[in-house]
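Report on the structure given below.
Counting from 1, the numbers follow the sequence of the chain as shown.
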Amino acid sequence: MSNVTKPQEMIELIFSYITQISAERSAENILMMLADMGRRLVYADRCTVWMVNRKKETLWTKVAHGIDPIEIPMSAGIVGRCVRDKKHLIINNVYADPDFHGEVDRQTGYLTKNMMVIPMFNHDGNIIGAFQVINKLPKDEVFVQEDLRYIMLASTYAAETIETSLLLEEIDATQKEVVYIMGVTGESRSKETGNHVKRVAEYSRILAQAYGLSEEEVDTLTGASPMHDLGKIAIPDAVLNKPGRFNEAERKIMDTHAELGYNILKGSERTLLKAAAIVSYQHHEKWDGSGYPNSLKGEEIHIYGRITAIADVFDALGSDRVYKKAWSDEKIFNLFKEERGRHFDPKLTDLFFENLENFLAVRDELQDEFMHE
């Protein structure tokens, strides 16, 4: 293999990877592409993207060729020195370097000969990690300054990808926390404890995964399902916390909570809140069309609504409420069998029973006590 990249080859290689990266949405996949691009740009055997964990004062491998995930003290090794000193390093005889620790080589049988390490910074100038390439190819070659210039392209792109990913993760986490708090607020007015929305979220996750939804959709529904009863915040206490059955007028008032929740959420363009609007609006629709508020039938009901319906009913029946005591498991299971194809999506009902052990494990883990006055 030649270790000289011609300008035309360099342009074609970069363009090829940039085209792939522009179509990718996973930050981890983008970083792996950049790692691949980096080692091809400089003809190296391996590439690793390291991340800084400030809380633990460690470095960990975000992506890496040929090794399992590693976490090391931030002060350790050549990568640690690069991060600590914020300087590029070209080391063509690592075993002569006092900071090199050959433990990974000893454990894996891999022989590290030389490496380049480039610190990665965010837009504020704070170091967030390091981009490392290992073993110049062919095996008797060494890294030179021109290699450093080439690899800077990949490392800069990696730093920007990481920063964007971290920002999106922070926004996503904040949004999920707000959604959860809003869901708990709605439930607390009806004297439920916060574990109800946690259980519904986990039941929804189990069903969504079993149904075959994408990882992204599973995560979205899990985050949105705690909002299913948000509309209860607008229901009068006299109705919401009435001990015993509702009369017809009270039932009509209570049933408005689905549309009330939807109206609160429907204006958002955020994926999570749009999903929460669907869940709030449709979790009382029934497979046979006898539900509310819109008498939707079968697959007219969004899959999020169909899943949350099963999760919510299972938890509601198995929990003490102001108007009833918890049902026995036998009674709950009999109702689910009776309501298969009537209240509930038949396929989801079958998946519920196939994954019953997981449902019961969540219920046991997230038990709570009924909140009395």
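Legend: residues meeting salt bridge (charged side-chain N to carboxylate O under 4.0 Å, His left out) with Glu248, ordered by chain and number and at least two apart, are Lys252. Thr61 pairs by the side chain to side chain donor-acceptor pair (under 3.5 Å) definition with nothing, not counting sequence neighbours. By the side chain to side chain donor-acceptor pair (under 3.5 Å) test, Asp350 pairs with Arg340, sequence neighbours left out. Residues meeting the salt bridge (charged side-chain N to carboxylate O under 4.0 Å, His left out) test with Asp45, sequence neighbours left out: none. Looking at residues two or more places apart in sequence or on another chain, you find no side chain to side chain donor-acceptor pair (under 3.5 Å) involving Ser328. Shown here are the ring-ring contact (aromatic ring centres under 6.0 Å, His included) partners of Phe314, two or more places apart in sequence or in another chain: Tyr203, Phe352, Phe359. Every side chain to side chain donor-acceptor pair (under 3.5 Å) that His283 has, sequence neighbours left out, goes to Asp229.
Here the straight-line distance linking atom CD1 of Ile128 with atom CG of Asn53 works out to 13.0 Å at 0.5 Å rounding. The structure places CD of Gln132 at 10.0 Å from CG of Leu59, a figure rounded to the nearest 0.5 Å. With rounding to the nearest 0.5 angstrom, the CE atom of Met227 is 7.5 Å from the OG atom of Ser280.
Under the 4.5 Å side-chain heavy-atom criterion for Ile, Leu, Val, Met, Phe, Trp and Tyr, Leu41 and Val63 are members of the same hydrophobic cluster. No path of Ile, Leu, Val, Met, Phe, Trp and Tyr side chains, each step under 4.5 Å between heavy atoms, connects Phe131 with Val144, placing them in separate hydrophobic clusters. Connection of Tyr262 to Leu273 is not established within any shared hydrophobic cluster, with ILVMFWY side chains joined at heavy-atom distances below 4.5 Å, either directly or through further cluster members. Put simply, Leu207 and Phe336 are part of the same group of oily side chains (I, L, V, M, F, W, Y) that touch within less than 4.5 Å, one to the next. A continuous path of ILVMFWY side-chain contacts below 4.5 Å connects Met120 to Met37, so both sit in one hydrophobic cluster.
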Donor-acceptor pairs under 3.5 angstrom involving side-chain atoms of residues 294-303: please list them, not counting sequence neighbours.
| unit_1 | atom_1 | unit_2 | atom_2 | d |
| --- | --- | --- | --- | --- |
| Asn294 | ND2 | Tyr281 | OH | 3.2 |
| Glu300 | OE1 | Lys297 | N | 2.9 |
| His302 | ND1 | Tyr304 | N | 3.0 |

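Other residues, nucleotides and ligands place no more than 12 heavy atoms under 6.0 Å from the CG atom of Asp68. For Glu57, the CD atom sits in a packed shell: over 12 heavy atoms of surrounding residues, nucleotides or ligands are nearer than 6.0 Å.
Between the side chain of Thr256 and the backbone N or O of Ile253, at least one donor-acceptor pair lies under 3.5 Å. Judged by distance alone, the side chain of Asp219 and the main-chain N or O of Glu215 form no donor-acceptor pair under 3.5 Å. Asn355 places no side-chain N or O within 3.5 Å of a backbone atom of Ala210 that could act as its donor or acceptor partner. No donor-acceptor pair under 3.5 Å is formed between the side chain of Arg199 and the backbone N or O of Asp315. Using modelled atom types, no side-chain atom of Asn92 and backbone atom of Asn114 make a donor-acceptor pair closer than 3.5 Å. Using a distance-only test at 3.5 Å, with no hydrogens or angles considered, no donor-acceptor pair links the side chain of Asn126 to the main chain of Asn122. Between the side chain of Asn263 and the backbone N or O of Glu259 there is at least one donor-acceptor pair closer than 3.5 Å. One N or O on the side chain of Thr220 and one on the backbone of Glu216 form a donor-acceptor pair closer than 3.5 Å. One N or O on the side chain of Gln367 and one on the backbone of Asp364 form a donor-acceptor pair closer than 3.5 Å. Formation of a donor-acceptor pair under 3.5 Å by the Lys136 side chain with backbone atoms of Met115 is not found in this model.
Taking the charged nitrogens against the carboxylate oxygens, Arg40 and Asp36 have no contact shorter than 4.0 Å, which rules out a salt bridge. For the pair Arg342 and Glu339, the salt-bridge criterion is met [side-chain N within less than 4.0 Å of a carboxylate O]. Ionic pairing of Arg363 and Asp329 is present here: one or more N-O contacts between side-chain nitrogen and carboxylate oxygen are shorter than 4.0 angstrom.
The aromatic rings of His284 and His257 sit perpendicular to each other, their planes meeting at more than 60°, with 30° as the lower class boundary.
Closest of all the heavy-atom pairs between Ala130 and Val117 is CB-CG1, 3.9 Å. Closest of all the heavy-atom pairs between Gly129 and Val52 is N-CG2, 3.7 Å. Taking both residues in full, the closest heavy atoms of Ala224 and Ala276 are given as CB-N, 3.5 Å, listed atom of the first, atom of the second, then distance. The two residues Leu213 and Val218 have their closest heavy-atom pair at O-CG2, 3.7 Å.
By the 4.5 Å side-chain criterion applied to Ile, Leu, Val, Met, Phe, Trp and Tyr, Tyr292 is assigned to no cluster and stands alone. Here Val200 is tied to no hydrophobic group at all, with no ILVMFWY side chain closer than 4.5 Å.
Checked by atom type, the side-chain pair Asp288/His343 shows no donor-acceptor distance below 3.5 Å.
Using a 4.5 Å heavy-atom threshold, the side chains of Lys113 and Asn93 count as separate. A 4.5 Å side-chain heavy-atom check between Trp50 and Ile70 finds at least one atom pair inside the cut-off. The side-chain heavy atoms of Thr308 and Ser225, taken from C-beta on, include a pair separated by under 4.5 Å.
Listed by first and then second residue, the ring-ring contact (aromatic ring centres under 6.0 Å, His included) pairs that reach into residues 97-118 are Tyr95-Phe100, sequence neighbours excluded. Residues in residues 71-86 take part in these salt bridge (charged side-chain N to carboxylate O under 4.0 Å, His left out) pairs, two or more places apart or across chains: Lys56-Glu71, Arg81-Asp97, Arg81-Asp99.
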